[in-house]
Amino acid sequence: MALSRVSQRCLKLFPTGCKALSCYYSQETPQHTPYWHEIFRDKRIRNFDEMPTVGPLTEEYKSFKIHEAYQRWVNEVGHVVKEIFPDGGYCVHVYHKDDFVTIYRNDGKYPLRKSHEVIAKYRRDRPHLYNSVGLGPGMGAEWYHLRRMLPSAVGGNVYLPFRSELEEVVDDFIDLAQSKLDENGEVELLPLLFRWAFESIGVIALNRRLNALSKVWNEEAENLIDAAHLTNEVIFLSNVGDFEKQYERLIPAQDYFASVIMAYVAEAALEPEGKCLVNKLIEGGNDYKDITTLILDLFQGAISTVPLTLTWALYQLTGCPDIQERAREQLMEILPSRDTRYYDLSQTRAELLFLSSKASPCVQAILRETLRLNPPAIGNGRINSVDLVLGGYLVPAGTMIVLQSQAACRLDEYFERPLEFIPDRFINSEKYHKKGGVNRPFGFGPRSCIGQPFAHGQLILALSKILRNFEVSYDREEVGVINRLHNEPDRPVIFKLKPLTE
């Protein structure tokens, strides 16, 4: 989730801004005694100007280390913090589960957030190609129109027909990874995982293989993936740097990315009996420009998040060989041989979900713990449409708010030994203290990630296949985190893969 300034557009929508406090605030608050009563014993609601303030910051944004500041603020300042931007704009950061509940309960039909403005400008400047700015920057009815085109998100009737093809894509990734091992049995997996994710979304969206996993160099696939990564970086930097400069960087990348994907969409649309996402959207009577916008957004979102999550999961597992082995023992029951098919095509949608009955409990726990400790993004953003009381402060409507779920998940008030990678906390709930309400890596409510069902199915499938085929280890320098829209490793992660023989 990219931070952004509160724009004049938002202040026009919500004229209270941060200057004038209205007399109304939402009653949709947690039913128990507010946590902030322990902090403010007089129980008086503070006004917005009394909120603890930090910033403006520049270096931690430019070094892609802003997540470290977010963690520091909750430890040093408290559960509600106002960040001031260099131009005088502001953003409120919240860390308490009760405030998360208050914000989500007041989302309404059209949850508002302010993000991806550089993408919004690019698409507004090209009305011959786009009816709207898309899922990321879209707000209100414009966003809702696109979102309801996929009421069940990217899962179920989209995923099910392609289970066999998606498993073949994972198998091709396994073969490619093995072919890339050097003389020490090492390989950097993340670039290959980007290619796997790109190939996978091509299958369900377009019903075509894009040859991203070819053992021979595929220039088009690599250029598309590079364009998607540059777009993510520009989205992040445009919020804290020179917007126009970043916009100029975006234009050639998006021109190329959009032109190639749009050509693929046009070809898929010609299949009279096609079953892919493009065909389903056409059958639904949707506008063609809206269809291409939605497919572009799905490609952009899918390329990074799942590969990064898998990379973090494997990296964490290299420090927990006992957990890796336990998962492998369970997987040998599901996949007796390395050639056993994971998907039984007679099964229903239930096996695709994150908490499916078929998936290895250990694999599920590994992924849940990875998403807690190393989520794809730092949290979720909202613009409140009504005044809210958060942490004892009256936050006026029209305020940009970030729900800092990643930082909250690293607090011991929510999780026992929060900085340790302990998948067992999601298996043995009685042994490890934990509270719900903050671990929301894909968001919550009607504006949660549209690709969540697809991501869950893909994460379980890919991690299961990797652990069934390889013993994974890592013996190089410790890997840190940088954040440029997503949480990325700060260096190449070179895994050692020992192929299993049985």
Side-chain angles (χ1 to χ4, degrees), residues 1-2 111 113 115-120 122-123 130 132-139 143 146-150 152-155 158-159 166 169 190 193-206 210 212 221 224-236 238 250 253-254 257-258 260-262 264-265 276-278 281 290-312 354 371 375-381 440-459 462 483-488:
M1 198 289 307
R113 73 172 192 174
S115 183
H116 296 60
E117 286 197 307
V118 70
I119 291 289
Y122 177 86
R123 291 177 176 173
Y130 304 96
S132 69
V133 297
L135 286 172
M139 294 201 292
W143 162 82
L146 276 183
R147 183 62 180 80
R148 69 178 179 178
M149 288 167 60
L150 285 174
S152 61
V154 188
V158 175
Y159 196 125
L166 289 168
V169 174
L190 185 54
L193 285 168
F194 289 143
R195 291 161 63 178
W196 160 73
F198 182 70
E199 190 80 1
S200 297
I201 194 66
V203 167
I204 69 162
L206 307 167
L210 301 173
L224 286 166
I225 293 169
D226 288 345
H229 291 156
L230 177 61
T231 296
N232 284 339
E233 180 178 305
V234 166
I235 291 170
F236 178 84
S238 65
L250 177 74
Q254 274 299 294
F257 189 80
V260 175
I261 300 301
M262 285 179 176
Y264 288 157
V265 171
C276 67
L277 184 53
V278 167
L281 291 169
D290 289 338
I291 292 172
T292 57
T293 300
L294 187 59
I295 298 300
L296 283 167
D297 286 347
L298 292 177
F299 266 95
Q300 182 68 43
I303 286 176
S304 293
T305 52
V306 170
L308 287 168
T309 300
L310 284 169
T311 298
W312 288 119
F354 192 48
L371 288 167
I378 57 96
N380 301 295
R440 305 281 187 184
F442 292 96
F444 182 78
R447 191 132 195 180
S448 61
C449 175
I450 196 171
Q452 179 176 353
F454 178 67
H456 283 169
Q458 289 291 90
L459 284 167
N483 186 288
R484 41 189 173 196
L485 197 64
H486 298 114
N487 288 317
E488 305 174 10

Pairwise side-chain contact, Tyr130 with Leu296, heavy-atom cut-off 4.5 Å (strictly under): yes
Do Leu135 and Arg147 have side-chain heavy atoms sitting under 4.5 Å apart? yes
Are the side chains of Phe257 and Leu230 in contact, using a 4.5 Å heavy-atom criterion? no
Please find the pair of heavy atoms, one from Leu281 and one from Leu294, that lie closest to each other, and give the distance. CD1-CD2, 3.9 Å
Taking all atoms of both residues into account, what is the closest heavy-atom pair of Ala228 and Gln300, and its distance? O-NE2, 2.8 Å
Measure across Ala205 and Cys276 and return the closest heavy-atom pair with its distance rounded to 0.1 Å. O-SG, 3.3 Å
Donor on one side chain, acceptor on other, Ser238 and Glu117, under 3.5 Å: no
I need the full list of salt bridge (charged side-chain N to carboxylate O under 4.0 Å, His left out) pairs touching residues 193-202, with sequence neighbours left out, sorted by first then second residue. Arg195-Glu222, Glu199-Arg209
So OG of Ser115 and CE of Met139: to nearest 0.5 Å the spacing works out to 10.5 Å
Within a strict 4.5 Å, meaning less than it, do heavy atoms of the Ile201 and Leu210 side chains meet? no
Shortest non-hydrogen separation from Asp290 to Leu146 and the atoms involved: O-CD2, 3.8 Å
Working to the nearest 0.5 angstrom, can you tell me the gap between Phe194 CZ and Ile225 CD1? 8.5 Å
Can you pull out every salt bridge (charged side-chain N to carboxylate O under 4.0 Å, His left out) where at least one residue sits in residues 294-312? Sequence neighbours excluded, please. Arg123-Asp297
Between Phe454 and Val306, is there a side-chain heavy-atom distance shorter than 4.5 Å? no
With a 4.5 Å cut-off on side-chain heavy atoms, are Ile204 and Tyr159 touching? no
Contact summary for Ser448 and Gly443, nearest pair of heavy atoms: CB-C, 3.8 Å
Distance-minimising heavy-atom pair for Leu310 and Ala462: CD1-CB, 3.7 Å
Roughly how far, to the nearest 0.5 Å, is CG of Leu193 from CD1 of Ile303? 13.0 Å
Hey, does Val133 have a side-chain heavy atom less than 4.5 Å from the side chain of Ile119? no
Reported CG-to-CG distance for the pair Leu308 and Asn487, which is rounded to 0.5 angstrom: 8.0 Å
Mind checking the CG-CD1 spacing from Leu150 to Ile450? Nearest 0.5 Å is all I need. 4.5 Å
Can you tell me how far OG1 of Thr231 sits from CG of Leu485, rounded to the nearest 0.5 angstrom? 10.0 Å
Under a 4.5 Å cut-off applied to non-hydrogen side-chain atoms, are Tyr264 and Ile295 in contact? no
For Thr305, all residues meeting side chain to side chain contact (heavy atoms under 4.5 Å, CB included), sequence neighbours excluded: Pro376, His486
Polar side-chain atom of Arg113 near backbone of Gly136 as donor-acceptor pair, under 3.5 Å: yes
